[in-house]
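Below: one structure, written as structure tokens.
For the single chain, residues carry numbers from 1 onward in sequence order.
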Amino acid sequence: MVSKRIWQDIERKSDLLLTPNGQNMNLQLLGLAVSILTIVTRYSNHFTVISDVTSETNAYRIIHSTAFFSGMCLSAILVLSALLSTAALVRESECLMAVGFLCFALIFCSLIQVMFWRQENSTLVEDTIVDVYDFVYDEVLRNISRIRRQELTAIHNTFQCCGKMSWFRHGKISEQETCPSDTLAGGEDCLQAMEGFLTRHMSFISALLLITLPFTVYGMVLTSFLFFSIHFGITWDRKGKYILTQQ
């Protein structure tokens with residue numbers, strides 16, 4: 001049987017684990033949420049139909065790939081920091097706790113950089129997508145390529161829209177060929193449809209970043225406190241030495 005002293009040590013350690021484990025569980029859930037939102041952004045038809053436009057001037061492809069790579073890295077580091085913090089506390093390891101702190105610091109710096117970039121380039125994504133649509137639309141108006149007509153049809157079907165405000169001023173293009181049938185009579189303008197979709201999607205991303213930021217700051221404070229507690233032996237007087245005794 002385990003002696004009374006050992007049970008007291010286990011209880012004290014369990015109490016200390018309660019708060020960090022709650023934090024780590026939240027971080028793992030946030031990491032899962034970030035990965036889900038990243039995958040949705042990567043494979044959603046609304047984004048892939050723009051990214052698949054075959055053009056050397058399609059700058060959205062770079063943004064699309066960068067967003068996916070950054071989102072998956074952020075998700076992985078969130079989960080890794082939570083696992084490292086838990087392992088460091090269980091093993092009472094200064095090295096693991098220091099690595100966990102560095103992970104939180106990296107996440108914090110990344111979030112600040114993303115928020116700053118979003119603030120300085122608030123309409124870059126929207127403008128890039130609209131530029132791609134304008135390019136395809138103008139190419140179809142000039143009857144340059146059948147591929148452009150297929151790409152425009154795919155965009156209209158995905159966003160359930162029909163051309164731009166100046167659509168009916170052009171007689172060179174047929175609404176029946178590129179627009180969904182239910183949008184021909186007073187269908188929504190594609191620029192408005194894109195703007196509305198992107199506004200909703202970006203609001204989800206901004207909300208998730210704002211939720212993640214305070215948890216990251218709390219993780220930095222908590223891991224630094226636990227690191228010094230382990231280093232100076234403040235928390236456990238029997239650091240790593242639990243002995244089973246027979247009675």
Side-chain angles (χ1 to χ4, degrees), residues 30 33-75 78 106-142 144 148-149 151-170 173 178-180 183 186-214 216:
L30 284 173
V34 170
S35 63
I36 291 175
L37 187 58
T38 302
I39 292 173
V40 168
T41 303
R42 175 64 178 84
Y43 296 104
S44 173
N45 290 335
H46 292 82
F47 294 105
T48 56
V49 73
I50 300 295
S51 179
D52 291 342
V53 171
T54 56
S55 171
E56 296 180 357
T57 60
N58 189 353
Y60 177 71
R61 286 182 177 178
I62 300 176
I63 299 176
H64 195 65
S65 301
T66 303
F68 176 74
F69 177 76
S70 302
M72 295 308 295
C73 287
L74 178 61
S75 173
L78 277 170
L106 178 61
I107 296 171
F108 177 78
C109 294
S110 301
L111 291 176
I112 295 299
Q113 179 66 29
V114 169
M115 291 181 176
F116 177 78
W117 179 87
R118 180 60 183 167
Q119 184 67 28
E120 293 295 317
N121 305 274
S122 58
T123 62
L124 178 61
V125 178
E126 293 87 341
D127 292 343
T128 304
I129 290 180
V130 170
D131 288 342
V132 174
Y133 176 76
D134 286 339
F135 169 77
V136 176
Y137 182 81
D138 292 338
E139 292 283 293
V140 174
L141 286 181
R142 291 182 290 187
I144 293 181
R148 295 287 180 252
R149 186 179 295 272
E151 291 172 345
L152 185 63
T153 302
I155 294 174
H156 287 166
N157 289 331
T158 301
F159 286 92
Q160 286 298 299
C161 60
C162 188
K164 298 189 288 188
M165 292 299 295
S166 59
W167 176 273
F168 295 103
R169 299 176 188 175
H170 300 280
I173 189 167
T178 59
C179 291
T183 63
E188 185 178 11
D189 177 77
C190 279
L191 299 183
Q192 294 177 352
M194 291 178 179
E195 182 181 357
F197 172 79
L198 291 173
T199 299
R200 292 190 299 271
H201 191 77
M202 290 301 175
S203 65
F204 285 124
I205 295 177
S206 299
L208 190 58
L209 293 178
L210 290 175
I211 292 173
T212 306
L213 187 61
T216 303

Practice task
Please lay out, stage by stage, how Glu126 and Arg118 fare under the test salt bridge (charged side-chain N to carboxylate O under 4.0 Å, His left out).
Solution key: CA-CA 12 Å; Glu126 293 87 341; Arg118 180 60 183 167; 3.3 Å; yes

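- Looking at Leu210 and Met115, their side chains come closer than 4.5 Å, going by heavy atoms from C-beta outward.
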Handout entry: Chi angles and distances behind the side-chain contact (heavy atoms from CB on, under 4.5 Å) call for His201, Leu37
Key = CA-CA 9 Å; His201 191 77; Leu37 187 58; 4.0 Å; yes

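- Rounding to the nearest 0.5 angstrom, the gap separating the CZ atom in Phe116 from the CG atom in Asn121 is 8.5 Å.
- The sulfur atoms (SG) of Cys190 and Cys162 lie 2.5 Å or more from each other.
- Residues Thr48 and Arg42 bring no donor and acceptor atom of their side chains to less than 3.5 Å of each other.
- Using modelled atom types, one side-chain atom of Arg148 and one backbone atom of Thr54 make a donor-acceptor pair closer than 3.5 Å.
- For Asn58 (side chain) and Ile50 (main-chain N/O), a donor-acceptor pair under 3.5 Å exists by modelled atom type.
- Donor-acceptor pairing under 3.5 Å is recorded for the side chains of Thr123 and Asp127.
- Smallest separation of non-hydrogen atoms from Thr38 and Phe68: CG2-O, 3.5 Å.
- Each of Val49, Val140, Val136 was evaluated against Glu151; a single residue qualifies, Val136, per the side chain to side chain contact (heavy atoms under 4.5 Å, CB included) test.
- Atoms OG1 and CG, from Thr153 and Asn157 in turn, are 6.5 Å apart once rounded to the nearest 0.5 Å.
- Atom CG of residue Leu30 and atom CD1 of residue Ile211 lie 7.0 Å apart, to the nearest 0.5 angstrom.
- Panel note: side chain Ser51, backbone Phe47; no donor-acceptor pair is recorded below 3.5 Å.
- Tested against Phe197 for a side chain to side chain contact (heavy atoms under 4.5 Å, CB included), the candidates Arg200, Met194, Glu195 yield a single pass: Arg200.
- Minimum interatomic distance between Thr128 and Leu124 (heavy atoms only, all atoms of both residues): OG1-O, 2.7 Å.
- In this structure, the separation between CZ on Arg149 and CG on Leu141 is 9.5 Å, given to the nearest 0.5 Å.
- Rounding to the nearest 0.5 Å places CG of Leu208 at 10.0 Å from CD1 of Ile36.
- For the atom pair CG (Leu209) and CE (Met202), the distance works out to 10.5 Å, reported to the nearest 0.5 Å.
- For the pair Ser75 (side chain) and Met72 (backbone), a donor-acceptor distance under 3.5 Å is absent.
- Donor-acceptor pairing under 3.5 Å is lacking for the side chains of His156 and Tyr137.
- Listed here is the closest heavy atom pair of Tyr133 and Ile155: CD1-CG2, 3.7 Å.
- Panel note: side chain Glu120, backbone Trp117; no donor-acceptor pair is recorded below 3.5 Å.
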